[in-house]
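A note on names: the letters A, B, ... follow the listed sequences, proteins ahead of strands, and every chain is numbered from 1.
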Protein chains: 2
Amino acid sequence: MAADAAETTDAGGDGGETWADVSPEAARRLLLAAVDAFAERGFHATTTRDIAGRAGMSPAALYIHFRTKEELLYQISRVGHERSVRILTEASEVSEDPAERLASAVRTFVRWHAERHTTARVVQYELNALSPEHHEQIVELRRRTGAVMRGILEDGVAAGRFAVPDVPGTALALLSLCIDVARWFNPDGPRSPEQIGELYADLALRMVGAH
Amino acid sequence: MAADAAETTDAGGDGGETWADVSPEAARRLLLAAVDAFAERGFHATTTRDIAGRAGMSPAALYIHFRTKEELLYQISRVGHERSVRILTEASEVSEDPAERLASAVRTFVRWHAERHTTARVVQYELNALSPEHHEQIVELRRRTGAVMRGILEDGVAAGRFAVPDVPGTALALLSLCIDVARWFNPDGPRSPEQIGELYADLALRMVGAH
DNA sequence: GTCTATAACCAGATAGAC
DNA sequence: GTCTATCTGGTTATAGAC
């Protein structure tokens, strides 16, 4: 799965590669600072002064690059969701074998939510703070995520390789399992993102009765 | 003051049975109003005026019953977590059979998170807004939840009925799956809490390789 | 116990100098 | 583009009448 789309390749960590092609540099620093602050305190508890301070700027400088605090959240949410859909899609295209596709999708999606848990936390848990218009756009991206997962399961069932009585429900559960990693993952904990990815890929195969 | 209430039995719905024995009545109305407001907007975006207004009181009346807005969140969180631990524990004691115990625990825990998704959302997703002292108390209650789930899996493995390579990791995944229901559950959606409970109980049995 | 009124403070956002 | 200074409005919490 070569990543050559519009959004740059990524390395590990939460260092900010996601925003590598945002310019000018000040806007990038602000986005990075906002991700950290939103993840730590939540959108509403974060002040624009805090974001600007983390980026080494005055409160007013933020408004040169973003119209409002919500605009900052929207950019984070949009880029994060686009990345998330792309990661899941590409990971599900590694093979023709349904079990390999599912394992790859879950492993990769979980790894992303663990490695990028800071970004993922904002992306997955601060949606409600978006304006109605922005919220609707993000929900549309999420529908695509659900469709990808259902597609994998449907193909596995059609090929006689999965035993899944309720495809939409199981797809929901699988995505739910992956996404929730962002909530509880702790980089100082006993498990690495890779280990969690492997564990969850195995659990996913069991859930669909792969054989 | 308020809410030293032991816990009551519950009925269905999110109507407020959880707070049935909180007195005086004004404190109960405030707790109920706060749950709705926190679930809808999040703790930080909720104003004390909003809470008091929903309870049909003036902003100042809130401070007769609760020292601060955070105190209100703490009571909700504490009672919710105590209830949550108790529900999981009792559900896991229905039988001696590991598979029945796991299915009962997951079914019941999921149903609670769906039926009481409003309360559960606050209980599970607004922890960060608690003061450090209160946060620590709640984390301790959460550790007990984890211990209950691990106990079920260990017993199943010891009895030779479950095939679980990583008990703590799988326990984490199972709880994660249940808890995340509170995030996405929609009472107007196609699935009832009972249906989701059944689906998830089945998925849980598959995850542990029950036989 | 609840109300009205208000204190004390802090947020998001803007103006204008450099 | 960034800064300092400030505006405007909303926030938690309190005082004192009833």
Side-chain angles (χ1 to χ4, degrees), chain A residues 19 21-77 122 126 128-135, chain B residues 1-5 19 21-38 40-77 122 126 128-135:
Chain A
W19 316 104
D21 52 3
V22 173
S23 83
E25 195 241 344
R28 177 165 63 252
R29 287 212 316 277
L30 285 165
L31 281 167
L32 208 50
V35 168
D36 287 345
F38 292 161
E40 220 174 284
R41 310 188 199 288
F43 176 79
H44 290 290
T46 299
T47 66
T48 51
R49 286 171 171 74
D50 183 16
I51 298 169
R54 285 175 195 244
M57 283 181 247
S58 76
L62 189 151
Y63 293 92
I64 309 282
H65 304 281
F66 301 92
R67 276 191 297 272
T68 62
K69 188 172 79 158
E70 191 268 351
E71 165 86 10
L72 213 31
L73 175 64
Y74 170 59
Q75 295 300 343
I76 293 166
S77 204
V122 178
E126 300 292 334
N128 301 335
L130 291 168
S131 72
E133 299 74 30
H134 288 160
H135 186 83
Chain B
M1 268 292 293
D4 252 327
W19 316 104
D21 51 4
V22 174
S23 83
E25 197 240 344
R28 177 164 63 253
R29 288 213 315 277
L30 285 164
L31 281 167
L32 207 50
V35 168
D36 287 344
F38 293 161
E40 224 174 280
R41 312 186 199 288
F43 176 79
H44 290 289
T46 299
T47 67
T48 51
R49 291 185 205 317
D50 183 16
I51 298 169
R54 286 175 194 244
M57 281 181 248
S58 76
L62 188 151
Y63 293 92
I64 307 287
H65 305 282
F66 302 92
R67 278 190 295 274
T68 62
K69 187 173 80 159
E70 192 270 350
E71 165 84 10
L72 213 32
L73 175 63
Y74 170 60
Q75 295 300 343
I76 293 167
S77 205
V122 178
E126 300 292 334
N128 300 335
L130 290 169
S131 73
E133 299 75 29
H134 288 160
H135 186 83

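Sorted by first then second residue, the ring-ring contact (aromatic ring centres under 6.0 Å, His included) pairs that include residues 34-57 of chain A, not counting sequence neighbours, are A/F38-A/F43.
For A/E133, there are no salt bridge (charged side-chain N to carboxylate O under 4.0 Å, His left out) partners two or more places apart in sequence or in a different chain. Residues satisfying the ring-ring contact (aromatic ring centres under 6.0 Å, His included) criterion with A/F66, sequence neighbours excluded, are absent altogether. Every residue two or more places apart in sequence or in another chain that forms a salt bridge (charged side-chain N to carboxylate O under 4.0 Å, His left out) with A/R41 is listed here: A/D50. By the salt bridge (charged side-chain N to carboxylate O under 4.0 Å, His left out) test, A/E40 pairs with A/R54, sequence neighbours left out. By the side-chain hydrogen bond (donor to acceptor under 3.5 Å, both in side chains) test, B/E126 is found to be paired with no residue, residues two or more places apart in sequence or in another chain being considered. With sequence neighbours excluded, no residue forms a ring-ring contact (aromatic ring centres under 6.0 Å, His included) with A/H65.
Checking the phosphate oxygens (OP1, OP2) of C/dT14, no side-chain nitrogen or oxygen of A/Y63 falls inside 4.0 Å.
Contacts of B/A61 with the nucleic acid, taken as non-hydrogen atoms under 4.0 Å apart, involve only primed sugar atoms and P, OP1 or OP2.
Considering only heavy atoms from C-beta on, A/E71 comes within 4.5 Å of A/T68 through its side chain.
Rounding to whole angstrom units, NZ of residue A/K69 and P of C/dC10 are separated by 16 Å.
Put simply, chain B comes within 4.0 Å of DNA chain D, heavy atom to any atom, from D/dT11 to D/dA15, going 5' to 3'.
Within residues 43-53 of chain A, the residues having any heavy atom under 4.0 Å from DNA chain C are, by residue number, A/T46, A/T47, A/T48, A/R49.
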